[in-house]
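Data block below; observations after.
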Amino acid sequence: MTKFKDLNLSEETLKAIDKMGFEEATPIQAETIPLGLSGKDIIGQAQTGTGKTTAFGIPMVEKIDTKNDSIQGLIIAPTRELAIQVSEELYRIGGGKRARVLAVYGGQDIQRQIRALKQRPHIIVGTPGRILDHINRRTLKLENIQTLVLDEADEMLNMGFIQDIESILSNVPAERQTLLFSATMPGPIRAIAERFMKDPEMIKVKAKEMTVSNIDQYFVKVPQREKFDVLARLMDSHSPELAIIFGRTKRRVDELANALSLRGYQAEGIHGDLTQAKRLTVLNRFKSGKIDVLVATDVAARGLDISGVTHVYNYDIPQDPESYVHRIGRTGRAGKEGMAVTLVDPREMSYLREVERTTKKRMEPMEAPSWDDALVGLQQGAVTELEEAISKNEWAEYRVFAKDILDQYSPEDVVAAALKLITKEPDRTPVHITNEAALPQRRDKFRSKNSGGGGYRKSSGGGGRQGGGRSYGNRDRKGGSGGSGGGGRRKYSSN
DNA sequence: AAAAAAC
């Protein structure tokens, strides 16, 4: 086991690391830090949670000359939240040396950022679009960059980002050290990466540590229209402490979050159409436990380090196998156990096998829980709640009542009644999630104009559900969760 | 085909 003490770091940085509570280096840190200090280019394959940010953050901070007022380190990240998270960690590492760190990302007042840039930061952490914006405004000068980091590079070098990255790189001196980190390392990405780097050293965290050994992976075969009920029953029977549900589109995430709230879950959605302020509030509410279900697009799939996520549910199987790896990596972090359940429509089974081939790990089939299973889960939740209340020991003043009751009834009956009282029974409010994920191979002729979901099924879908009618009767119009079918396509059909 | 990222 390597200790930070043995890595030839400066007093100031060691102190900062100690303050962060770190003593032993993780495998990726033990390998990356000495190489990074030596000035080599590095390609590192590791997910966040392996201590990747600290691995590149320490050598970067060590190389900063704080007497020099120019920007010497640049870190590029694929999402705004990730840029913020990374900048916070760099700030902590650089605290001892008083290195100035600034996050630069879209959705934030640019004048404010320009003022902050005038404070002469040493390290910039940012997203591609806004970094380019600043370069074009000449408010960000990169000619003194010595260390460049591409974080979550598989995403960064994806189509769409690649041009932005190239433009940014053309503004960074060729004489520099480049570090590239990525959770997955498909061949084409590797080839592109090497174009930007000089004789890079490969560092790979062992497969066992990198992937997902402490995450139990399951799939549930379920037709589209039953997905929502199955999801609710899964959550009822698992009673997750913190869960993330991934949906395929922004619309779908909105609908899911609304529908879950309607059924009494503490759930909120996050995706790229929300304002940056809203995105951060939702994330913070989830981190602080004010909500325990986060519904998200892939904006939250990568890199975000939220501790204590016990369950990841893929409402839709993700489009790219890589996305799957990232999504389920939000749980089972820091050595804890995690569970990932993917809902898969029978028509998508072959795609599921493809994902398995990529991850080289099988997902175990899981039966959809029945409503009775869900009830059992909720009953167990009630037992836990009661036990917690008992151990809190704040019920002394109720003992008088307890004596009276026990004079008349048996203890078993009393406890059973109390449990029944606090058990939240499964909510079967009918819900219809529209905007069904279109299967790739079906996107032809008739689908292109009048894309699926929407109009036709609304009435039959809501009312005709099994079990829907019991307590809420004919609520199908309102139960349809958030005025579906409107959205962007308001055109009158021409045929 | 979707999402992310600049106004």
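Naming convention: chains lettered A, B, ... in sequence-line order (proteins, then strands); numbering from 1 in each chain.
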Item to check | Partner residues of N68(A) under the side chain to side chain contact (heavy atoms under 4.5 Å, CB included) criterion, sequence neighbours left out | outcome: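 Side chain to side chain contact (heavy atoms under 4.5 Å, CB included) check on N68(A) returns D65(A), S70(A), Q72(A).
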Starting at atom [atom1] of [X], determine the distance to atom [atom2] of [N], rounded to an integer number of angstrom.
X       : N      : atom1 : atom2 : answer
Y105(A) : dA4(B) : OH    : P     : 17 Å
D320(A) : dA4(B) : CG    : P     : 13 Å
R252(A) : dA3(B) : CZ    : P     : 11 Å
D151(A) : dA4(B) : CG    : P     : 18 Å
H326(A) : dA4(B) : NE2   : C1'   : 13 Å
E152(A) : dA4(B) : CD    : P     : 15 Å
L283(A) : dA4(B) : CG    : C1'   : 15 Å
K250(A) : dA5(B) : NZ    : C1'   : 11 Å

Item to check | Parallel, tilted or perpendicular: rings of F181(A) and F56(A) (30°, 60°) | outcome: tilted
Can you identify which nucleotide, out of [options], has its nearest atom closest to the [X] side chain?
X       : options                : result
H271(A) : dA5(B), dA4(B), dA3(B) : dA4(B)
T297(A) : dA3(B), dA2(B), dA5(B) : dA3(B)
D133(A) : dA2(B), dA4(B), dA6(B) : dA6(B)
T127(A) : dA4(B), dA6(B), dA2(B) : dA6(B)

Checklist entry - Within the structure, does a side-chain N or O atom of R80(A) lie under 4.0 Å from either OP1 or OP2 of dA6(B)? => result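 Result: yes.
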Next on the checklist: For H326(A) and D298(A), which I'm curious about, is there any donor-acceptor pair between the side chains at under 3.5 Å?
Outcome noted: no
Item to check | No-hydrogen, no-angle side-chain donor-acceptor test under 3.5 Å, Q276(A) and Q108(A) | outcome: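 No - no donor-acceptor pair under 3.5 Å links their side chains.
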Item to check | Over 12 foreign heavy atoms within 6.0 Å of CZ, R195(A) | outcome: yes
Next on the checklist: Over all strands shown, is R279(A) touching base, sugar-phosphate only, or nothing at heavy-atom distances under 4.0 angstrom?
Outcome noted: sugar-phosphate
